[in-house]
Amino acid sequence: PVASNALISGYLKIGELDDAIRVFEGMSERDVVTWSSMVDGYCKKGRIDDAQKVFEKMPERNVVSWTAMMSGYLKFGMWEDGFGAFSRMRSEGVGINSTALTVIVDACAAGSRVKEVVQIHGLVLSMGFEHDVFLGNSLIAMYSHAGWMDAAKKVFDFMREKDIVSWNSLISGYVQNDGIEEAYALFNKMPKRDVVSWTAVVVGFLNQGMMEESISVFEDMPVKDDVAWTAVISGFVRNGECENAFHWFTRMAQEGTKPNSLTLSSVLSATASLAAMNQGLQIHGLVVKMDLESNVSVQNSLVSMYAKCGNVDDAYRTFLDIDEPNLVSMNSMITGFAQHGFGEEALNLFKKMQLGGFKPNGVTFRGVLSVCVHVGLVEEGWHYFKSMSFYGLEPE
RNA sequence: UAAUUUGACCCUU
């Protein structure tokens, strides 16, 4: 079945799960590679239930099949199942290898599971994987995420072999923990740099409000991709320099780099802050032209932009067009209503989102409380204020 | 022919 497996692999690489399924169903003989590929294919599309069905149905499972399934669980927040799979691998004779450990370490980073982290690191050492480059890189990222830069640096220093990802991981760690000096020193010391290294440092300076240093590094960047440009644009927005954000967006276009959905979200956020309706409309036109109308982040930005520009009707129209609204969508619309004194609408949406299973966060309550103050709903406002603790939120 | 690591988003203002 090697030829068909290769075909399945090819389809999955370009995200064509349906075609992969077609090939899979037409096969007369399947091996463990065939089945594992399908498990992974379903997981990458977020279809964990289907992946699990395939996983349970397959005649034999090896460490790759298990790792694929475990990775799927963990990527979608199913911690119990993910960690459960990991311990079953250990207890049921499948065994674990460095890849399985990397998956677990990565999950600890994403879920801020600091306690598990230390245990896993011990396991890594006891199994003799301390010189695995991928594992080392994952550990650096994990400790960085937890804010333990001493530990991250220790792992880095102990690594016998480092690749460019090792350097980039530690640099990003320092950037995330406000250590731009350390990050920049490493950047200058590393043997080779790629777009990731450059962008991390540019972001590091932006995060400290060091705009000139940031731009100076950015100008020196040999190849600027859409991510790097977006980093600069959003950095200016974060620092309240929205005109500059627009300026760099214009330069991005002049230099022929195509913006993506994240770029347009950031630019829309700039136009929203400036309440610049004309520019906002232009970007909306670009969104349509680029066929990004159904991107949630872009739609959220459009909702906010229309609301901030005083057009609540179009904000609401855009909001209703969102197929799969998320918490940010809700917050954008509630805040939009709140900013214009639409108390009833804001509170109705707030109730609706809770019925829909959304957990409000601090931004939600800011909108809700401000609208209560705005329209004089003192009792309701007090009630909502008290309900914050139910969601584990503390008033600022 | 199958599983793993590093850079930019949207809501708060």
Side-chain angles (χ1 to χ4, degrees), chain A residues 1-10 12 31-41 43-44 62-72 97-107 109 132-142 144 163-173 175 194-204 206 225-235 237 240 260-266 268-269 272-273 295-305 307-308 326-336 361-367 370 396:
Chain A
V2 174
S4 298
N5 287 349
L7 197 53
I8 288 178
S9 164
L12 292 178
D31 61 11
V32 66
V33 174
T34 321
W35 290 93
S36 302
S37 303
M38 295 309 297
V39 169
D40 186 50
C43 284
K44 293 243 158 72
N62 62 16
V63 66
V64 175
S65 343
W66 276 92
T67 308
M69 191 68 246
M70 175 179 71
S71 170
N97 57 17
S98 64
T99 303
L101 283 166
T102 308
V103 170
I104 280 286
V105 169
D106 207 36
D132 186 284
V133 178
F134 268 41
L135 248 179
N137 295 347
S138 293
L139 285 166
I140 293 171
M142 183 197 66
S144 299
D163 61 12
I164 195 161
V165 177
S166 322
W167 288 86
N168 289 342
S169 302
L170 190 61
I171 288 174
S172 300
V175 166
D194 62 10
V195 276
V196 176
S197 339
W198 285 90
T199 308
V201 170
V202 167
V203 168
L206 287 170
D225 64 4
D226 52 342
V227 175
W229 282 100
T230 306
V232 169
I233 291 165
S234 68
V237 177
N260 60 34
S261 60
L262 278 62
T263 322
L264 297 183
S265 286
S266 295
L268 281 167
S269 163
S273 294
N295 180 287
V296 196
S297 295
V298 170
Q299 290 174 307
N300 294 342
S301 301
L302 284 168
V303 169
S304 171
M305 184 275 291
K308 289 233 171 63
N326 56 25
L327 179 60
V328 175
S329 318
M330 299 296 167
N331 290 345
S332 305
M333 197 62 246
I334 289 172
T335 305
N361 64 9
V363 178
T364 322
F365 276 103
R366 196 187 282 260
S370 86
E396 294 126 30

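Residue numbering restarts at 1 for every chain, and letters A, B, ... go by the order of the sequence lines.
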A:Met330 CE - B:rU12 C1' separation (whole Å): 17 Å

Atom pair distance, as rounded to whole Å: CD1 in A:Ile233 and C1' in B:rG7: 15 Å

Side chain to side chain contact (heavy atoms under 4.5 Å, CB included) partners of A:Asn295, counting only residues at least two apart: A:Ser261, A:Ser297, A:Val298

Rounded interatomic separation in angstrom, taking CG from A:Asn331 and P from B:rC10: 14 Å

Contacts of A:Trp229 that satisfy side-chain hydrogen bond (donor to acceptor under 3.5 Å, both in side chains) - sequence neighbours left out: A:Thr257

Listed partners of A:Thr67 passing side chain to side chain contact (heavy atoms under 4.5 Å, CB included), at least two apart: A:Val63, A:Met70, A:Met89, A:Thr99, A:Ala100, A:Val103

Interatomic distance where CZ belongs to A:Arg366 and C1' belongs to B:rU12 [whole Å]: 5 Å

Atom pair distance, as rounded to whole Å: CG in A:Leu327 and C1' in B:rC11: 8 Å

Test side chain to side chain contact (heavy atoms under 4.5 Å, CB included) applied to A:Leu7 - qualifying residues, sequence neighbours left out: A:Tyr11, A:Val23

Sugar-phosphate only, base, or nothing, as touched by A:Asn326 at under 4.0 Å among non-hydrogen atoms: nothing

Those residues that, when tested against A:Ser269, pass side chain to side chain contact (heavy atoms under 4.5 Å, CB included) (two or more places apart): A:Val237

Polar side chain donor-acceptor pair, A:Asn137 to A:Asp132, under 3.5 angstrom: no

Among B:rC9, B:rU12, B:rG7, the nucleotide that comes nearest once only the side chain of A:Val195 is considered: B:rG7

Sugar-phosphate only, base, or nothing, as touched by A:Asn295 at under 4.0 Å among non-hydrogen atoms: nothing

Among B:rU12, B:rG7, B:rC10, the nucleotide that comes nearest once only the side chain of A:Ala228 is considered: B:rG7

Point-to-point distance, once rounded to the nearest 0.5 Å, from OG of A:Ser329 to CE of A:Met333: 11.0 Å

A:Lys308, nearest nucleotide to its side chain (from B:rC11, B:rC9, B:rU12): B:rU12

Euclidean distance, atom CG of residue A:Asp226 to atom C1' of B:rA8 [Å, nearest integer]: 9 Å

Nearest-angstrom distance from the residue atom CD1 of A:Ile334 to P of B:rU13: 13 Å

Distance-only donor-acceptor test (3.5 Å): side chain A:Asp225, base B:rA8: no

Heavy-atom protein contacts under 4.0 Å, nucleotides 1-6 of chain B, coded B base, S sugar-phosphate only, - none: BBBBBB

